[in-house]
Amino acid sequence: MHEKFLQPYNPKDTEDRIYTLWEESGMFNPDHAVRMGVTDPKAEAFSIVLPPPNVTGQLHLGHAGMLTIEDIMVRFHRMDGKKTLWIPGTDHAAIATQSKVEKLLAKDNIRRHDLGRDAFLEHVQAFAHASQETILHQVKKMGASIDWSRLAFTLDDEREKAVHTAFIRMYHDGLIYQKERIVNWDPKGQTVISDDEVVHEERAGMMYTFKYSADFPIAIATTRPETKLGDTGVAVHPNDPRYQAYIGKTYTCTFAGQELEIRIVADEAVDPEFGTGAVGLTPAHSMTDWEIAERHDLPMKKVINEYAKMTVGMEGVLGQKTTVAREAIVAWIREQGLLEKEESITQNISTAERTGGIIEPLPKMQWWIDTEKKIIIPHNTIPGLDPQTPYSLKEVMLHVVQSGATNILPDRFEKVYYHWIEKLRPWNISRQIWYGHRIPVWYTKEGAPVLPKEQKLVFMRHGQSEYNVAGKIQGQYNAPLTETGREQARTAAASLVGTSFSKIICSDLDRAHETANIIAKELGLSVEVWPELREIDAGTLSGAPHHETLDTLAYVIQSGTGETLAELEARARIVVEKIKNMNTSEDILFVGHSTFTSLVFAVWHNIPAQDFLAKHGVWELSHTETEQIIRLHYPTDETLTQDEDTLDTWFSSGLWTFSTMGWPDSSQDLKEFHPTSVLETGYDIIFFWVARMILMTTYLLGTVPFKTVYFHGLVRDEQGRKISKSLGNNIDPLELINDYGADAVRMALIIGTGPGQDSKIGENKIKAYKKFANKLWNISRFILEQTHEVAYIPDYTYHADDQKLLDAQRALITEITEEMRNYKYYLVGEKLYHYMWHTLADDIIEDSKAIFAADDTQKKLSRQQFLIHTLSTCLKTLHPFMPYITEEIWQLIPDHHKDNSHMLMVQAWPQK
RNA sequence: GUACGAUUAGCUCAGUUGGUAGAGCGUCCGCUUGACUCGCGGAAGGUCAGAAGUUCGAAUCUUCUAUCGUACACCA
């Protein structure tokens with residue numbers, strides 16, 4: 001037995017070492033796990049993306065809870081034999097990060113406009129970078145078995161390409177448009193925000209009922225008299241008997257020194273019961289008034305500016321803050337004897353989520369996403385939708401949840417989701433801040449928009465050749481197409497009708513050239529031959545049968561008689577350079593070969609061939625199957641100026657499940673891991689993120705982003721309060737890990753949490769699981785002490801007593817396996833705790849003491865076998881919950897107690 | 001206002017299709033028991049928020065009420 005067991009379990013001496021062991025093993029990466037023979041290459045995939053934390057600082061307990069649940073999912077599915085991928089990343093969180101940095105700079109009396117856009121962005125980037133480092137460190141400390149080789153950031157180059165491609169496509173489909181509309185203007189943050197970023201706060205206010213002037217026929221009520229300077233109409237209910245005579249008439253009057261022209265209109269939106277039953281309409285400064293005014297074609301008069309100051313009015317009003325102007329106007333109304341009623345009410349006012357600024361509705365030119373326009377969804381493969389029928393984004397978003405293509409847990413959030421979609425207005429996606437994806441639109445001097453041109457470079461494999469039929473390696477041997485191959489080319493051509501290729505470029509080998517010719521003829525295109533596109537020179541293997549397991553490339557390299565990897569890479573580089581120098585942004589179809597195309601992809605993406613092959617292997621393309629690379633051509637005309645605005649941070653987050661997998665280019669990850677299996681996130685971002693991901697993914701990929709959404713609850717403090725900075729109840733997960741170990745923190749965070757259920761956590765709870773870790777440590781010590789000289793016998797026939805214990809254990813495993821599949825982690829955690837402490841330790845081990853003291857060697861051996869078996873079963877089942885201590889104990893178990901030498905992390909989940 | 005959720009032991013929560021109320025922590029009493037004092041043995045503690053109904057039987061199903069919470073909508 002290892003001497004470590006002479007001391008109580010010490011997480012501090014264990015966790016970092018174990019994490020390094022996992023990381024260095026490469027097993028967080030599913031491709032590596034397959035290569036090492038741990039995962040079956042044909043295994044089902046399980047993939048999730050980490051909801052990227054904002055780079056605004058550091059993680060809190062809520063993040064820790066999220067990481068725990070996700071890591072449990074991932075570790076369970078990995079052990080259950082799935083090809084398991086968890087992608088890490090962080091979110092630039094535009095407004096949040098920018099305002100954080102602005103606050104930091106304000107301490108040194110620096111404002112962003114003093115610095116200028118570029119210098120300010122350097123500050124933000126430095127901050128974001130430091131913050132990201134902190135966050136990633138915390139993620140590791142929690143024990144997250146996440147694939148660091150795929151780390152992404154919502155604002156890095158790859159994600160920018162995805163964002164721009166998405167924007168361009170939506171623009172051309174008319175889903176993104178620019179329009180002057182009334183928006184939620186945040187005077188404090190000096191930017192527009194979306195409807196979802198507005199939070200309502202209850203405040204005390206005054207409501208005034210008055211007439212514009214003595215001879216105006218109708219009295220109106222308002223809480224904001226200063227906006228009345230911008231009134232252009234009064235709305236009444238069409239059936240209100242009191243006002244029938246006035247409908248359609250226009251009155252002029254002088255209100256607080258301002259000439260007003262007011263038309264009376266009838267609109268259903270007016271509640272005749274409320275106030276005077278008449279609404280003064282201020283189209284420029286009220287959402288609902290704007291909508292009514294639009295229906296009746298009333299003019300709009302802007303009287304408040306971006307700093308919430310009056311732009312018109314008498315002395316004491318003009319140039320004043322709205323709040324000051326209000327008092328002046330109320331005083332005037334009172335003096336004139338126009339005031340009919342004045343009452344104090346509680347009203348809800350709109351504030352900005354991030355800055356707390358009071359929203360000033362203003363008309364502004366902004367970019368919007370239209371969710372009502374019906375369009376043909378490209379590549380639509382969503383079950384239940386006809387690919388040829390136009391749908392609105394709204395309809396699709398509703399459909400995928402209603403049809404169960406995406407399943408939401410717990411169910412009750414489906415209703416919340418539907419409700420949100422039904423009342424969804426156009427989504428404002430432009431922000432007047434600097435940090436974020438700058439809108440990829442340039443303007444001519446005349447103001448005409450210019451967008452980057454998207455170029456599609458599509459790579460197709462040739463049709464079937466005679467050597468393909470014969471199952472032989474071709475390399476550069478010139479085998480002709482078969483009749484089937486020609487048919488495949490014709491079918492491919494038919495499917496390409498309507499695409500916009502300007503020409504076809506093909507390899508000079510007959511099978512590619514002929515395929516290209518057939519397609520070119522059908523589509524009326526020219527064919528250009530590039531000998532550089534040839535398949536790999538297979539040397540002496542040309543004509544030989546395929547290797548049983550190796551792909552052709554690996555086989556050729558191994559043979560040493562054909563092209564070397566370096567030569568291939570060099571040739572691929574020539575091709576890539578040639579493409580880049582072509583000086584065209586037209587779409588091009590390349591017809592070539594599977595293996596060599598893989599190399600072109602690697603070089604194009606600046607991945608060394610060695611790494612590319614290690615990660616993905618070569619493309620295994622079937623005949624006439626295509627892969628694509630998207631190249632964006634940006635405007636180069638110096639007289640153009642780029643839009644000053646940036647995109648809503650949720651625009652880039654909405655692409656997250658696939659922008660992290662190489663989209664818009666083809667990738668192995670997209671094929672294997674998308675749609676993702678589960679999205680695990682907080683229910684507080686159902687609209688911001690979940691709905692937007694569904695919107696973006698269904699439109700851009702024609703699929704759902706995830707099959708299941710699992711909403712976790714909020715983590716609260718011991719008193720059930722929300723964790724917040726102002727309350728000062730924010731506990732740093734790192735401190736807790738330092739005091740109790742990550743395993744204990746994880747257990748405390750998982751137990752007592754169901755989907756959608758808020759959970760409370762305090763140090764006592766964590767302490768309890770630290771004790772449990774130690775208990776497990778001592779259980780292991782006892783078992784190892786009593787069994788170390790015994791070798792494990794896998795199919796041992798147990799004594800009847802032990803068989804009974806084993807049956808009970810198996811029943812438990814069946815039960816918890818089912819619960820793991822149903823996301824009932826909290827239940828499993830509790831059951832394992834109970835089994836290990838109160839069954840294994842209290843009963844089984846206690847009984848064993850007598851057995852080991854007695855002389856019955858049969859019975860003794862049976863119990864020893866049972867304990868060896870049980871310890872490893874316990875470690876395996878508990879591993880997703882408490883990965884560190886279980887792995888540590890596993891490493892200390894002698895080899896003759898194990899089936900294999902792999903780490904616990906990649907052991908198979910017990911079947912029985 | 002509308003919708004949703006919660007209400008079970010002092011605290012935090014389980015309770016799967018209705019079949020005699022469960023766990024952890026805490027509390028109290030005892031124990032230097034050869035794995036473990038980060039421990040062991042034992043005990044107390046609940047009209048399952050309230051009312052009505054369905055049922056042979058309700059924490060569980062239905063209706064209403066109360067309290068708390070969340071989201072959405074907000075009316076000038």
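In what follows, every chain begins at residue 1, and chains take the letters A, B, ... in the order their sequences are listed.
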Side chain of [X] (C-beta onward), nearest among [options]:
{"X": "A/Tyr826", "options": "B/G5, B/A14, B/C25", "result": "B/A14"}
{"X": "A/Lys771", "options": "B/C4, B/G26, B/A73", "result": "B/G26"}
{"X": "A/Lys765", "options": "B/G39, B/U12, B/A76", "result": "B/U12"}
{"X": "A/Tyr833", "options": "B/A35, B/C38, B/C25", "result": "B/C25"}
{"X": "A/Arg781", "options": "B/C36, B/C75, B/C72", "result": "B/C36"}
{"X": "A/Asn778", "options": "B/A14, B/A76, B/A35", "result": "B/A35"}
{"X": "A/Asp842", "options": "B/A76, B/A35, B/G41", "result": "B/G41"}
{"X": "A/Ile779", "options": "B/C75, B/A35, B/U70", "result": "B/A35"}

In whole angstrom, give me the gap between the [atom1] atoms of [N] and [M].
{"N": "B/U17", "M": "B/G34", "atom1": "P", "value": "47 Å"}
{"N": "B/U54", "M": "B/U67", "atom1": "C1'", "value": "27 Å"}
{"N": "B/G57", "M": "B/U20", "atom1": "C1'", "value": "11 Å"}
{"N": "B/U7", "M": "B/G46", "atom1": "C1'", "value": "14 Å"}
{"N": "B/C13", "M": "B/A21", "atom1": "C1'", "value": "14 Å"}
{"N": "B/A51", "M": "B/G45", "atom1": "C1'", "value": "27 Å"}
{"N": "B/A6", "M": "B/A59", "atom1": "C1'", "value": "14 Å"}
{"N": "B/A23", "M": "B/G1", "atom1": "P", "value": "42 Å"}

Paired nucleotide for [N] [Watson-Crick or G-U wobble; both distances under 3.5 Å]:
{"N": "B/C48", "answer": "none"}
{"N": "B/G18", "answer": "none"}
{"N": "B/C36", "answer": "none"}
{"N": "B/U27", "answer": "B/A43"}
{"N": "B/C4", "answer": "B/G69"}

Rounded to whole angstrom units, what separation is found between the [atom1] atom of [X] and the [atom2] atom of [N]?
{"X": "A/Asp267", "N": "B/C75", "atom1": "CG", "atom2": "P", "result": "14 Å"}
{"X": "A/Leu784", "N": "B/C36", "atom1": "CG", "atom2": "C1'", "result": "14 Å"}
{"X": "A/Leu409", "N": "B/C4", "atom1": "CG", "atom2": "P", "result": "19 Å"}
{"X": "A/Asn774", "N": "B/U37", "atom1": "CG", "atom2": "P", "result": "8 Å"}
{"X": "A/Phe413", "N": "B/C4", "atom1": "CZ", "atom2": "P", "result": "13 Å"}
{"X": "A/His237", "N": "B/A76", "atom1": "NE2", "atom2": "P", "result": "18 Å"}
{"X": "A/Leu749", "N": "B/C13", "atom1": "CG", "atom2": "P", "result": "13 Å"}
{"X": "A/Tyr418", "N": "B/C72", "atom1": "OH", "atom2": "C1'", "result": "17 Å"}

side-chain contact (heavy atoms from CB on, under 4.5 Å) with A/Val401: which of A/Ile421, A/Val690, A/Ile408?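 Between A/Val401 and the candidates, side-chain contact (heavy atoms from CB on, under 4.5 Å) is satisfied uniquely by A/Ile408.
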Just say parallel, tilted or perpendicular for the rings of [X] and [Y], cut-offs at 30° and 60°.
{"X": "A/Phe881", "Y": "A/Tyr825", "result": "perpendicular"}
{"X": "A/Tyr246", "Y": "A/Tyr243", "result": "tilted"}
{"X": "A/His60", "Y": "A/His63", "result": "tilted"}

Just to be sure I understand the rule, does [X] reach a base, reach only the sugar-phosphate, or reach nothing, if contact means heavy atoms closer than 4.0 Å?
{"X": "A/Thr282", "answer": "nothing"}
{"X": "A/Ile686", "answer": "nothing"}
{"X": "A/Glu846", "answer": "base"}

For the residue pair A/Arg863 and A/Ser848, confirm or rule out a side-chain donor-acceptor distance under 3.5 Å.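 Yes.
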Pair A/Glu197-A/Ser194, side-chain donor/acceptor within less than 3.5 Å: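 Checked: A/Glu197/A/Ser194 side chains pair up, N/O donor to acceptor below 3.5 Å.
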A/Glu327 atom CD, neighbour heavy-atom count above 12 within 6.0 Å: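 Not buried by this count: 12 neighbours or fewer within 6.0 Å.
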A/Glu261, CD: over 12 other non-hydrogen atoms inside 6.0 angstrom: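 Incorrect, the count does not exceed 12.
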Pairwise 5' ranking along RNA chain B for A/Pro8 and A/Thr276, keeping only the more 5' one: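 Taking each residue's closest nucleotide, the earlier one in sequence belongs to A/Pro8.
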If you assign A/Met207 and A/Asp196 each to the RNA chain B nucleotide with the nearest heavy atom, which residue ends up on the more 5' nucleotide?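 Its nearest nucleotide being more 5', the pick is A/Asp196.
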Between the base of B/A35 and the side chain of A/Lys849, is there a donor and acceptor pair under 3.5 angstrom?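 Per atom types, the contact qualifies.
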Check: B/A76 base within 3.5 Å donor-acceptor of A/Gln347 side chain: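 It does not, because no donor-acceptor pair links the side chain of A/Gln347 to the base of B/A76 below 3.5 Å.
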Would you indicate, yes or no, if B/C40 has its OP1 or OP2 atom less than 4.0 angstrom from a side-chain nitrogen or oxygen of A/Trp837?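 For A/Trp837, the contact criterion (side-chain N or O under 4.0 Å from OP1 or OP2 of B/C40) is met.
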Please determine whether a side-chain nitrogen or oxygen atom of A/Lys775 lies at a distance below 4.0 Å from atom OP1 or OP2 of B/A35.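 No, outside the criterion.
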